[in-house]
Amino acid sequence: MSALNYSRRHFLRTAGIAGGGLVVGFSLSGCSASEIPLQPLADAYAPNAFLQLTPDNVIRFYCPRDEMGQGVTTGLATCVAEELDIDPAHLLIELAGAHADYGNPDFGGMQGTGGSTSIKAHYLQLRQVGADTRALLLSAAASDLGIDLASLTTANGAVVANGERMPYGQFIATAADLEVPVATPLKADSDFKYIGKEFPRLDGIAKSTGTAIYGIDVDIPGMHHALVKRSPVAGGTVASFDGSAALAMSGVTDVVEIASGVAVVAAKFWQAKQALAAVVVAWDFPPLSSVDSAKVRADYEQLMDSPEGESAESAGELERGFAGAQGVVEGRYWAPYLAHAPMEPMNAVIKIEGDKAELWSGTQGPGIAQGLVARYAGLDKENVTVHQTYLGGAFGRRATLTHVIEATQVALEAKKPIHLLWTREDDIKSGVYRPASLMNIKAGLDDNGKIVAWAAKRVGGNITPGTLRAALPGVMPAAVSDGVVDWVVGLASDVMDGWVVDPSSTEGLYEDYDLPNREVLHVTKNHGVPLTFWRSVGHSFTAFAKESLVDELVEQSALDAVDFRLRNTEHNPRLHNVIQLAGEKMRAMRPEAGRYLGFAAHGSFNSYVAEVAEISIDNDRIRVHKVLCVVDCGLAINPDIVVSQMEGAVMYGLTAALHGDLNLEGGVFKESNFHDYPIVRMNEAPAIEVVIVPSSEAPTGVGEPGLPPIAPAVANAVFAATGKRLRALPLRLT
Amino acid sequence: MIEFTLNSKSVRTDDAPDTPLLWAVRDTFKLKGSKYGCGAGLCGACTMHVDGQAVRTCVLPIGAVAGKAVITIEGLGTPENLHPLQAAWAEQSVPQCGYCQSGQIMSAAAFLADNPTPSEAELESAMAGNICRCGCYPRIKKAILSVAEAGAKAAELGTEVSA
């Protein structure tokens with residue numbers, strides 16, 4: 001495939017659903033009441049929600065999933081382009097706005113991006129869209145040309161007849177009168193031209209020239225800038241405030257109270273920021289205001305030592321397993337609260353006029369954003385247009401859309417188009433967090449190095465309820481009144497907070513190894529910190545506990561780190577295979593004097609990853625020099641993007657392994673910016689070698705699965721170097 | 001009234017002199033390629049060139065750039081006329097979310113202009129002021145080295161608009 005075509009500009013427009021021409025009644029959501037999302041534009045033709053063709057052969061692809069860096073625009077464009085038979089680089093990619101047709105099949109049709117689902121969920125769907133559209137164009141061409149369909153073929157965006165190439169756009173007028181075919185046979189894998197091939201990301205030029213548009217970049221006429229002073233303790237409310245000094249400052253137009261605090265509105269950002277400092281607020285604080293991190297840890301330890309715990313998983317006979325064990329190992333592991341800290345802080349731009357609103361924001365759920373604006377502005381969802389932008393990182397953070405509610409409320413109060421931005425300090429101190437977790441694992445071994453008993457327990461807050469609570473007002477039908485929503489949200493929160501089987505809380509604690517006798521217990525305990533999904537979710541902490549404990553089992557057995565894991569993964573052939581491959585490579589590694597290796601493997605999001613970390617210790621400081629990553633993610637749509645996702649997940653996980661730590665003091669996180677919440681930088685970044693297991697299995701997740709093994713791989717290397725077991729994150733020798 | 005040159009054009013603004021250059025460029029001159037990341041000079045997303053030096057503009061008052069030459073990512077190259085670093089970034093699929101990349105590229109351009117044939121250690125040290133949360137560091141490093149190795153001349157790596 002050709003290199004990037006520099007004559008084309010591939011940046012996405014923020015203009016939501018543009019254009020659409022002749023539109024046929026074809027709804028992929030299967031919901032007859034749903035309007036086709038593409039609206040007519042002169043001469044264009046949209047056979048479905050995803051593709052729009054014009055007579056001059058401009059072919060737009062409306063990408064249903066959100067581009068947060070994971071390469072989904074390139075990946076999904078490749079799926080549709082493969083079957084449509086066109087070079088993906090020739091597609092103009094637009095980010096879809098809110099509409100049922102753009103739902104995520106893996107989320108029951110909800111329009112959300114997360115859980116490493118995008119390629120897995122849309123792989124066959126979008127190939128089918130491409131194949132059906134190509135078949136339609138071929139039928140139209142046969143009709144127009146009076147040539148037998150069987151003698152026609154296609155080549156890179158054109159119908160070919162008798163050696164003559166005629167662009168697809170030539171046939172759209174006829175195509176519009178034909179019925180769109182369904183269930184057109186898909187290509188055999190061996191015929192793929194683009195899937196499985198490497199070519200540059202389609203958003204590379206836009207993102208290298210400052211022309212890619214993120215939510216923060218949106219600038220509309222009459223727009224004013226808003227910042228919010230929020231309660232320093234999550235859940236606090238405004239008792240009283242004095243905005244008079246702020247209101248007198250240059251450029252300031254409004255100081256308004258909203259649900260989350262007090263907002264200052266000014267002509268420019270810097271004016272709003274200066275004025276915000278002059279707003280004086282007295283707060284009513286919730287009980288969280290008396291909580292320090294030490295109390296969280298002590299409460300969790302007490303609950304861990306108590307018999308309390310609801311069963312999240314159990315099989316076999318645990319007591320008999322331990323009774324037959326020749327050796328027993330037990331370890332207790334801590335993982336702290338973490339912020340996502342995407343480089344682009346939260347923001348939203350909104351214009352509300354009469355009974356209509358327009359929102360511009362990069363979110364992991366445009367449908368939720370639409371619902372939130374509708375509910376908080378009292379509008380019909382149909383009258384709220386959502387313009388999706390690029391996301392300047394997300395990692396789970398952009399599924400909680402407090403900033404969209406805030407922008408809506410400020411715009412209503414100030415009666416102006418509003419650009420609302422969180423500062424980095426807001427992001428670190430007032431956001432939603434990866435929960436702190438205390439985990440205990442006790443395991444028994446037999447003489448053959450088989451694990452015969454496995455008892456795991458986790459204490460911490462549940463992850464899913466907080467996110468659902470924040471999203472519910474946006475996804476419930478508009479006809480449901482605010483009072484009912486409050487009641488349902490309150491009820492649901494109570495139910496969900498006590499929800500002991502939130503799978504996110506214990507995922508990864510037991511699935512990977514052959515564990516004939518196992519039990520996983522969970523104690524839900526949250527002190528009031530708002531929690532949400534964070535890249536790899538529960539696996540981000542459970543893999544650390546599981547793979548660290550397994551390394552202690554290795555030490556007790558007569559096997560090495562690789563053979564021990566191979567012996568205990570008989571039921572899990574794909575994980576077994578990545579362990580085998582990574583193990584072979586590890587045994588070939590020859591670290592120089594003073595460097596040590598650590599191994600870890602973990603399955604998550606239907607993919608399997610084994611990693612080897614090569615480290616040294618320099619004045620009690622852990623330095624990670626190299627990481628080997630072997631991944632089985634099924635068929636790799638674009639292998640280079642899989643590599644980049646593994647690199648990124650290793651780096652993100654390494655920041656958590658070496659630095660990530662948020663600490664409560666009086667219910668307030670002490671950390672505030674990158675000086676005290678440090679991120680791995682270039683001078684700490686290891687070299688990363690990624691090996692993708694060749695596979696013809698259906699594609700699975702790549703955004704998250706590279707993360708879980710890195711912290712335990714480093715911890716296990718630290719043990720190899722020092723003989724010390726580090727059982728708390730971040731890993732510290734002093 | 002403060003005057004300076006922005007991407008080789010003379011500009012003037014009556015923004016308060018303590019307004020950070022980043023916000024004057026974004027809000028007043030409407031160039032959105034330079035990003036806000038931390039507001040404290042810690043992450044490098046706001047990096048521009050001031051008289052050829054890479055500067056953290058989220059903490060640089062516009063009063064300090066009076067009479068100086070400011071170049072932003074928009075002035076370094078365009079999609080139709082890419083700077084060699086931008087071409088390397090796109091060809092090697094360096095960006096993921098892309099938000100930090102304007103700052104990364106501006107830091108790299110100023111660094112290579114000073115040191116056209118850097119060692120890896122020099123490069124790592126020079127680029128340590130720019131955070132990439134997506135973890136694109138291996139590719140950023142490789143892209144910069146590829147440009148250096150391509151023997152791009154120092155003159156092409158300066159901060160003047162190339163076309």
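Computed from a predicted structure; not experimentally measured. Quick note on labels: first sequence line is chain A, next is B, and so on, each numbered from 1.
Counting heavy-atom pairs closer than 4.5 Å to chain B, the top residue among A:Leu421, A:Leu654, A:Asp219 is A:Asp219. Contact count against chain B (heavy-atom pairs under 4.5 Å) is highest for A:Ile679 among A:Ile679, A:Ile641, A:Thr74. Of the listed residues A:His340, A:Glu684, A:Arg535, A:Gln271, the one with more heavy-atom pairs under 4.5 angstrom with chain B than any other is A:His340. Of the listed residues (A:Gln274, A:Gln70, A:Lys268), the greatest number of heavy-atom pairs within a distance under 4.5 Å of chain B belongs to A:Lys268. In terms of heavy-atom pairs under 4.5 angstrom with chain A, the leader among B:Cys134, B:Cys132, B:Ser34, B:Cys136 is B:Cys134. Chosen from B:Gly39, B:Gly129, B:Pro95, B:Ala121, the residue pairing most often with chain A at heavy-atom distances under 4.5 Å is B:Pro95. Ranking A:Ala685, A:Ser644, A:Gly392 against chain B, the residue ahead of the rest is A:Ser644, based on heavy-atom pairs under 4.5 Å. Ranking B:Leu123, B:Ile105, B:Ile73 against chain A, the residue ahead of the rest is B:Ile73, based on heavy-atom pairs under 4.5 Å. If you tally non-hydrogen atom pairs under 4.5 Å between each of B:Cys97, B:Gly135, B:Gly98, B:Gly33 and chain A, the highest count goes to B:Cys97. Between chain B and the residues A:Arg424, A:His675, A:His419, the most heavy-atom pairs under 4.5 angstrom are made by A:Arg424.
A:Met68 touches chain B through its backbone: at least one of N, CA, C or O sits under 4.5 Å from a heavy atom, while the side chain does not. Both the backbone and the side chain of A:Met682 have a heavy atom closer than 4.5 Å to some heavy atom of chain B. Residue contact with chain B, scored on non-hydrogen atoms closer than 4.5 Å, involves the side chain of A:Thr655 exclusively. Neither the backbone nor the side chain of A:Val72 comes within less than 4.5 Å of any heavy atom in chain B. Interface residue A:Pro686: only backbone heavy atoms are found under 4.5 Å from chain B. For B:Ile131, the parts lying under 4.5 angstrom from a heavy atom of chain A are both the backbone and the side chain. Interface remark: A:Ala341 contributes backbone and side-chain atoms alike to the contact with chain B (heavy atom separation under 4.5 Å). Heavy-atom distances place the backbone of A:Leu391, and not its side chain, under 4.5 Å from chain B.
Applying a 4.5 Å heavy-atom cutoff, the residues of residues 14-21 of chain B that approach chain A are B:Asp15, B:Asp18, B:Thr19, B:Pro20. Scanning residues 25-32 of chain B against chain A with a 4.5 Å non-hydrogen threshold yields B:Arg26, B:Asp27, B:Thr28, B:Lys30, B:Lys32, sorted by number. Interface residues of residues 56-65 of chain B toward chain A, defined by a heavy-atom distance below 4.5 Å: none.
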- Step by step, work out the side-chain hydrogen bond (donor to acceptor under 3.5 Å, both in side chains) result for B:Gln96 and A:Gln645. CA-CA 8 Å; B:Gln96 290 186 30; A:Gln645 284 304 294; 3.1 Å; yes
- Stepwise side-chain contact (heavy atoms from CB on, under 4.5 Å) check, B:Lys35 with A:Tyr214: CA-CA 10 Å; B:Lys35 304 304 187 195; A:Tyr214 303 83; 3.6 Å; yes
- Task: Output, in order, the C-alpha distance, side-chain angles, deciding distance and verdict of side-chain contact (heavy atoms from CB on, under 4.5 Å) for B:Trp89 and A:Ile205.
- Result: CA-CA 8 Å; B:Trp89 246 244; A:Ile205 291 176; over 6 Å; no
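Looking at A:Arg201 and B:Val94, their side chains never come closer than 4.5 Å, going by heavy atoms from C-beta outward. A:Phe395 places a side-chain heavy atom less than 4.5 Å from the side chain of B:Arg133.
Looking at residues two or more places apart in sequence or on another chain, you find no salt bridge (Lys or Arg N to Asp or Glu O under 4.0 Å) involving A:Arg681.
In this structure, CD in B:Glu80 is found 8.5 Å from OG1 in A:Thr209, a value given to the nearest 0.5 Å. B:Cys100 SG to A:Glu344 CD: the interatomic distance, rounded to the nearest 0.5 Å, is 12.0 Å.
Checking side-chain atoms of B:Tyr137 against main-chain N and O of A:Gly648 turns up no donor-acceptor pair under 3.5 Å. Judged by distance alone, with hydrogens and angles left aside, the side-chain atoms of B:Tyr36 form no donor-acceptor pair with the main-chain N or O of A:Pro345 at under 3.5 Å. In this structure, B:Gln86 contributes its side chain and A:Ser208 its backbone to a donor-acceptor pair below 3.5 Å.
Across all non-hydrogen atoms, the minimal contact from B:Ser93 to A:Pro200 is OG-CA, 3.3 Å. Between B:Cys38 and A:Asn673, the closest heavy-atom pair is O-ND2, 3.0 Å.
Ion pair B:Arg139/A:Glu647 flagged as a salt bridge, since at least one NZ, NE, NH1 or NH2 atom sits closer than 4.0 Å to an Asp/Glu carboxylate oxygen.
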